[in-house]
Amino acid sequence: MRPDDQAGMILGILRESYPNAQTALVHGNPFELLVSTILSAQCTDQRVNVVTQELFTRYRTPEDFAHIPRRVLEREIHSTGFFRMKAGNIIGCARAILERYKGEVPAKMAELVSLPGVGRKTANVVLSEAFGISEGIVVDTHVHRVSKRLGLAGSDSPVRIEEELMDRYPRRDWREVGTLLILHGRAVCRARSPQCASCSVSHLCPSAELYL
DNA sequence: ATCCCGAGGG
DNA sequence: CCCTCTGGAT
């Protein structure tokens with residue numbers, strides 16, 4: 001296919017820049033991905049992976065996590081920040097999944113966002129990466145920043161940005177759009193000093209600081 | 001709008 | 001020092 005629109009061309013180029021784009025959060029099952037995604041709030045995925053590499057050797061299932069004393073889990077995830085809230089939410093998720101969903105992570109948006117500490121962003125990560133379900137597009141701090149810079153979205157609220165992206169891309173690309181914009185935001189279109197000179201889509205970017 | 005919270009980079 | 005990192009609840 002030869003996309004002739006701005007959004008399509010950007011996706012096509014990013015697709016070549018980042019082959020096999022998928023979440024950088026290391027996980028072995030849907031529940032591990034849920035835990036990793038909760039831990040990833042305001043924290044680098046690299047640090048999350050360091051913490052979970054150790055954590056998941058001791059606990060892997062909702063049953064395991066539901067019985068961890070809060071103080072113990074707080075200590076294990078301390079370096080990811082927001083550790084009290086995250087520990088409470090992770091244990092709360094584990095117990096809710098045990099009691100309400102027979103120990104299986106639910107594969108529905110409404111049920112996922114009913115879990116403590118799980119919003120639309122986290123739910124979209126789990127739905128798309130663990131279950132292959134594209135109900136929406138992941139809008140995190142990277143997607144927020146990059147889509148605005150590229151002119152793919154003009155809003156400030158995550159929900160509206162998600163709607164704008166969903167309107168621009170076919171559903172089959174939703175998962176890829178999220179992961180590609182995250183990867184590009186982390187590697188090139190950084191918050192502090194964007195690397196416009198080495199950006200593969202700078203020629204399509206209204207915000208690019210062109211100097212070459 | 002504010003709070004939760006640590007770690008790394010510039 | 002200040003800013004940022006795959007947010008969510010109040």
Side-chain angles (χ1 to χ4, degrees), chain A residues 14 17-18 20-27 30-55 70-94 96-97 105 109-131 134-150 152-153 155-162 165-166 174-196:
Chain A
L14 291 182
S17 302
Y18 310 96
N20 296 340
Q22 55 187 341
T23 178
L25 298 171
V26 178
H27 61 282
F31 187 71
E32 287 187 358
L33 179 59
L34 176 61
V35 172
S36 296
T37 308
I38 290 173
L39 291 177
S40 74
Q42 299 300 104
C43 179
T44 62
D45 56 335
Q46 185 178 353
R47 176 153 298 280
V48 171
N49 288 335
V50 169
V51 168
T52 56
Q53 182 176 7
E54 184 74 18
L55 189 66
R70 191 156 298 149
R71 293 303 171 85
V72 173
L73 185 55
E74 285 180 3
R75 176 160 25 86
E76 308 227 30
I77 68 173
H78 179 273
S79 68
T80 66
F82 295 166
F83 59 90
R84 294 186 186 88
M85 183 194 61
K86 288 176 180 176
N89 285 337
I90 288 169
I91 293 171
C93 278
I97 289 170
V105 178
M109 174 65 75
E111 296 178 346
L112 283 169
V113 297
S114 77
L115 298 172
V118 178
R120 202 176 160 81
K121 178 264 171 183
T122 299
N124 270 327
V125 170
V126 172
L127 283 175
S128 62
E129 298 286 342
F131 295 116
S134 292
E135 178 147 346
I137 295 177
V138 173
V139 178
D140 66 343
T141 179
H142 291 305
V143 176
H144 184 133
R145 179 182 68 254
V146 176
S147 55
K148 285 200 73 173
R149 282 180 178 168
L150 281 169
L152 295 174
S155 317
D156 270 318
S157 88
V159 175
R160 287 188 184 174
I161 290 174
E162 183 178 358
L165 292 174
M166 289 166 70
W174 287 359
R175 184 201 65 81
E176 207 175 14
V177 167
T179 52
L180 284 173
L181 292 180
I182 288 169
L183 288 176
H184 193 60
R186 189 176 58 192
V188 178
C189 196
R190 304 201 285 248
R192 189 70 74 90
S193 48
Q195 312 293 99
C196 299

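Order of the sequence lines sets the chain letters (A, B, ...), proteins ahead of strands, with each chain counted from 1.
The salt bridge (charged side-chain N to carboxylate O under 4.0 Å, His left out) search around A:Glu135 returns none, not counting sequence neighbours. Every residue two or more places apart in sequence or in another chain was checked for a side chain to side chain donor-acceptor pair (under 3.5 Å) with A:Ser157, and none qualifies. Residues satisfying the side chain to side chain donor-acceptor pair (under 3.5 Å) criterion with A:Arg190, sequence neighbours excluded, are A:Gln195.
Rounded to an integer number of Å, the gap from NE2 of A:His142 to P of C:dT6 is 4 Å. Distance CD1 (A:Ile90) to P (C:dG7): 14 Å, rounded to an integer number of Å. For A:Ile38 and C:dG8, the CD1 to P distance is 9 Å, given to the nearest whole Å. A:Leu183 has its CG atom 14 Å from the P atom of C:dC5, to the nearest Å. As rounded to whole Å, 14 Å separates atom P of C:dG8 from atom NE2 of A:His144. When rounded to the nearest whole Å, the span between CG of A:Leu25 and C1' of C:dC5 equals 12 Å.
Phosphate contact (OP1/OP2 of C:dC5, side-chain N/O of A:Arg145, threshold under 4.0 Å): present. For the OP1/OP2 pair of C:dT6 and a distance below 4.0 Å, the side-chain nitrogens and oxygens of A:Thr141 include no atom meeting the criterion.
Within the structure, side chain to side chain donor-acceptor pair (under 3.5 Å) pairs that include any residue of residues 139-150 of chain A comprise A:His142-A:Arg145, A:Lys148-A:Asp156 (at least two apart or interchain).
Across all strands shown, A:Val118 has heavy atoms under 4.0 Å from sugar-phosphate atoms exclusively, and none from any base.
Nucleotides C:dT10 and B:dG6 have their C1' atoms positioned 22 Å apart, rounded to a whole Å. The C1' atoms of C:dC5 and B:dC5 are separated by 12 Å, rounded to the nearest whole Å. Nucleotides C:dT4 and B:dC4 place their C1' atoms 16 Å apart, quoted to the nearest Å. C:dA9 and B:dA7 have their P atoms separated by 24 Å, given to the nearest Å. As rounded to the nearest Å, B:dG10 and C:dT6 have P atoms that lie 15 Å from one another.
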Q. Base, backbone or nothing for each nucleotide of nucleotides 1-10 of chain B, written B, S, -, heavy atoms under 4.0 angstrom, 5' to 3'?
A. ---BBBSSB-

Just list the side-chain donor-acceptor pairs under 3.5 Å for residues 34-44 of chain A, sequence neighbours left out, or say none.
| unit_1 | atom_1 | unit_2 | atom_2 | d |
| --- | --- | --- | --- | --- |
| A:Ser36 | OG | A:Glu32 | O | 2.9 |
| A:Thr37 | OG1 | A:Leu33 | O | 2.7 |
| A:Ser40 | OG | A:Thr37 | O | 2.7 |
| A:Thr44 | OG1 | A:Arg47 | N | 3.3 |

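On a pure distance criterion of 3.5 Å, a polar donor-acceptor pair joins the side chain of A:Thr23 and the base of C:dT6.
The nearest heavy atom of DNA chain C to A:Asp45 and to A:Asn89 marks one nucleotide each, and the one closer to the 5' end goes with A:Asp45.
Of all heavy-atom pairs spanning A:Asp45 and A:Ala24, the tightest one is OD2-CB, 3.0 Å.
Below 30°, between 30° and 60°, or above 60°: for A:Tyr18 and A:His184 the angle between ring planes is above 60°, a perpendicular geometry.
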